Amino acid sequence: MDLRNPTNMHKCVAEGIGTFWLTFAGCGSAVIAAAFPEVGIGLLGVAFAFGLSVLTMAYAIGHISGCHLNPAVTVGLAAGNRFPRQDVLPYIVSQVVGAIIASAVLYAIAIGAPGFDLAKGFAANGYGAHSPGHYSMISGFVAEVVLTMMFLFIIMGATHGRAPAGFAPIAIGLGLTLIHLVGIPITNTSVNPARSTGPALFVGGWALGQLWMFWLAPLLGGALGGVLYRWLSEEPSAQVTGVSPAAPAE
């Protein structure tokens, strides 16, 4: 990807902004609103926050970058021949930067509350003693692989050329909501290495020590989902890269 090309730069900036929104809105709902006295949104609310962040950004930037917002999605789409392999690294870097900035902004807001404590997790992902349900590393790894694989399966299908037009963001957003409903008790739900990296950098210690799993498992699951859907539906489909500008009329 030639970043001197304004279109390519716009794609990367869009990915950064979109991943910022996913991390800030999703993790922010967990840190700020999940257990708010009397009116906390709880697990269901956090799950919907992550799903709505993707749904809203899919409509906002899907036509610019394809709205991946997730290194596992980018890798999975490339594995399924729906995204150029040479563009994978710039997208991933943009996503991670967006997630880190979002975590910094969220931290700047969260520390303004009395009694704020990073030791409570700051929406970081974890297994074992740091799993909300104290699930083991193996349980967490299997869950992250399977959930990310199915997420890619949904994305590949919803963006297929023969899928109902205009409804992909809804299917993908609701799919991510369902994934969080299953995964929050197990690992706090990653399925997204960028989303995991941002909070882990602020929590440090155990969160950084366990971060490897929230890169390895989602990337593996994403690749499996992309390959599986490609095997099931080999018909050519549009690349998930946004819409290229039309060539000027001669």
Side-chain angles (χ1 to χ4, degrees), residues 1-28 50-108 123 125 148 151-152 154-156 158-159 168-169 172-173 175-176 190-202 211 214-216 218-223 225-226 237-248:
M1 174 180 278
D2 182 4
L3 294 180
R4 293 171 297 182
N5 183 321
T7 299
N8 291 336
M9 178 59 72
H10 291 167
K11 289 176 184 289
C12 289
V13 172
E15 283 296 304
I17 293 171
T19 312
F20 171 94
W21 181 235
L22 180 149
T23 306
F24 180 78
C27 295
F50 274 100
L52 289 172
S53 70
V54 170
L55 189 155
T56 51
M57 274 296 125
Y59 281 115
I61 66 169
H63 61 287
I64 300 174
S65 68
C67 192
H68 298 193
L69 318 186
N70 181 340
V73 171
T74 300
V75 168
L77 289 171
N81 293 331
R82 298 282 297 283
F83 187 74
R85 286 172 171 78
Q86 68 270 18
D87 294 350
V88 168
L89 183 58
Y91 262 51
I92 289 177
V93 170
S94 301
Q95 293 155 1
V96 172
V97 169
I100 292 173
I101 294 173
S103 298
V105 173
L106 178 58
Y107 177 76
N125 301 112
T148 314
F151 190 38
L152 260 294
I154 293 167
I155 292 170
M156 292 280 287
T159 57
I172 295 166
L176 188 61
S190 171
V191 303
N192 184 337
R195 164 265 184 272
S196 297
T197 299
L201 290 175
F202 286 84
L211 183 60
F214 301 105
W215 274 88
L216 179 58
L219 290 178
L220 176 59
S237 300
Q239 298 276 294
V240 187
T241 58
V243 178
S244 299

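Predicted model only: the values in this text are computed from it and were never measured. Counting begins at 1 with the first residue of the sequence.
- Inter-residue side-chain proximity for Pro218 and Asn192 is flagged as unmet; no heavy-atom pair is nearer than 4.5 Å.
- Between Thr159 and Ile172 the shortest side-chain heavy-atom distance falls below 4.5 Å.
- Counting heavy atoms from C-beta on, the side chains of Val191 and Leu176 come closer than 4.5 Å.
- Test Asn70, Thr197, Thr74, Thr19 against Gln95 for side chain to side chain donor-acceptor pair (under 3.5 Å) and you get one pass: Thr74.
- Taking both residues in full, the closest heavy atoms of Thr56 and Trp21 are given as OG1-NE1, 3.2 Å, listed atom of the first, atom of the second, then distance.
- Side-chain contact between Ile64 and Val13 is absent, with no heavy atoms from C-beta onward closer than 4.5 Å.
- In this structure, Gly62 and Cys67 approach most closely via the heavy-atom pair CA-CB, 3.9 Å.
- From Asp87, atom CG reaches atom NZ of Lys11 across 8.0 Å, with rounding to the nearest 0.5 Å.
- Shown here for Ser53 and Ala25, the closest heavy-atom pair between the two residues is CB-CB, 4.1 Å.
- Taking each heavy atom of Val73 and Phe151 in turn, the nearest pair found is CG2-CE2, 3.9 Å.
- Taking CZ of Phe214 as the reference point, atom OG1 of Thr148 lies at 10.5 Å (rounded to 0.5 Å).
- Rounding to the nearest 0.5 Å places CG of Leu69 at 8.5 Å from OG1 of Thr23.
- Rounded to the nearest 0.5 angstrom, Ser65 OG and Met57 CE are separated by 10.0 Å.
- Nearest heavy atom pair, residue Ile92 against residue Trp215, reads CG2-CH2, 4.1 Å.
- Residue Tyr107 holds its OH atom at 15.5 Å from SG of Cys27, rounded to the nearest 0.5 Å.
- Separation of atoms CD1 (Ile17) and SG (Cys12) is listed at 11.5 Å; rounding is to 0.5 Å.
- For the pair Pro90 and Gln86, the minimum side-chain heavy-atom distance is 4.5 Å or more.
- Looking at heavy atoms from C-beta onward, Arg195 lies in side-chain contact with Asn125 at the 4.5 angstrom threshold.
- Scanning both residues, Phe202 and Ala104, for their nearest heavy atoms gives CZ-CA, 3.4 Å.
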